[in-house]
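What follows is one structure encoded as structure tokens, with my remarks underneath.
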Amino acid sequence: MANFETPEIKEYPTIPLIKEGVMAHSKPFISKDAFQQPLGFPGELLDNWQDVAIEKMGEMLGKYRGLQVFLDSCVKCGACTDKCHYFLGTSDPKNMPVARQDLLRKVYRRYFTFAGKYFPKLVGAVDMTKEVLDDWYSYFHQCSQCRRCSV
Ligand code: SF4
């Protein structure tokens with residue numbers, strides 16, 4: 001029979017103190033070009049990958065009205081924060097569901113909203129850069145899509 005100690009129940013607050021960037025290193029294994037190409041992927045970033053990404057985002061926004069509604073309707077109240085086991089377990093602020101969403105939303109704002117196009121700093125809008133892409137790759141893979149935050 002396994003012998004282990006039951007962890008003590010913690011008093012509130014349960015939300016941990018944040019540790020900026022502590023999980024930034026955690027990325028999934030990147031497949032080799034030779035394995036990606038037969039699947040129809042280019043294998044490495046195209047020269048105009050930013051344009052391709054923004055065009056795709058525009059296509060999705062045009063196709064799925066709900067996407068735009070969700071991107072526009074979050075007021076960052078943070079009620080989702082203590083629902084994410086990845087944030088609770090790692091303390092990395094980018095694992096807060098609201099921050100994870102914002103990785104996409106800040107790019108959406110930059111290219112698809114009036115305020116983001118003309119006053120990006122005021123609304124937290126940013127360009128689609130390699131750093132942003134790396135954050136997408138790292139932090140979207142740290143979500144198990146359990147949907148606890150959506151409740
Ligand atoms: S879906 Fe689950 S794992 Fe992903 S951000 Fe929400 S609570 Fe976290």
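Counting starts at 1 for both ligands and their atoms, in listed order. Position 1 is the first residue of the sequence; numbering continues from there. Please read all numbers here as calculations on a predicted model, not as lab measurements.
The protein heavy-atom contact nearest to atom 5 (S) of ligand 1 is R100 NE, 3.3 Å. For atom 6 (Fe) of ligand 1, the closest heavy atom belonging to the protein is C149 SG, 2.3 Å. For atom 4 (Fe) of ligand 1, the nearest non-hydrogen atom of the protein is C143 SG, 2.3 Å. At the shortest separation from atom 1 (S) of ligand 1 among protein heavy atoms lies R147 N, 3.1 Å. Scanning the protein heavy atoms around atom 2 (Fe) of ligand 1, the nearest turns out to be C146 SG, 2.3 Å.
Side-chain contact between P97 and C84 is present, with at least one heavy-atom pair separated by less than 4.5 Å. Residues Y108 and M57 are in side-chain contact: their nearest non-hydrogen atoms beyond the backbone lie under 4.5 Å apart.
Heavy atoms of M96 come nearer than 4.0 angstrom to ligand 1 in no pair at all.
When all heavy atoms of P42 and Q37 are compared, the closest pair comes out as O-NE2, 3.3 Å.
Ion pairing of K27 with D134 is absent here, as no side-chain N (NZ or NE/NH1/NH2) approaches a carboxylate O to less than 4.0 Å.
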Could you walk me through whether Y86 and D92 satisfy the side chain to side chain donor-acceptor pair (under 3.5 Å) test, starting with their C-alpha distance in whole Å, then the side-chain angles of each, then the deciding distance to 0.1 Å, before giving a yes or no? CA-CA 8 Å; Y86 283 89; D92 190 318; over 6 Å; no

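Contact atoms of ligand 1 toward C84: 3 (S), 5 (S), 7 (S), 8 (Fe) (distance under 4.0 Å to a heavy atom of the residue).
Residue contacts with ligand 1, taken as heavy atom pairs separated by less than 4.0 Å, involve Y86 solely via side-chain atoms from C-beta onward. For Q145, every heavy-atom contact with ligand 1 shorter than 4.0 Å involves the backbone, none the side chain.
Side-chain heavy atoms closer than 4.5 Å link hydrophobic residues (I, L, V, M, F, W, Y) into clusters, and following such links, even through other members, never connects F70 to L104.
Counting non-hydrogen atoms of neighbouring residues, nucleotides and ligands closer than 6.0 angstrom, the CD atom of E59 exceeds 12 such neighbours.
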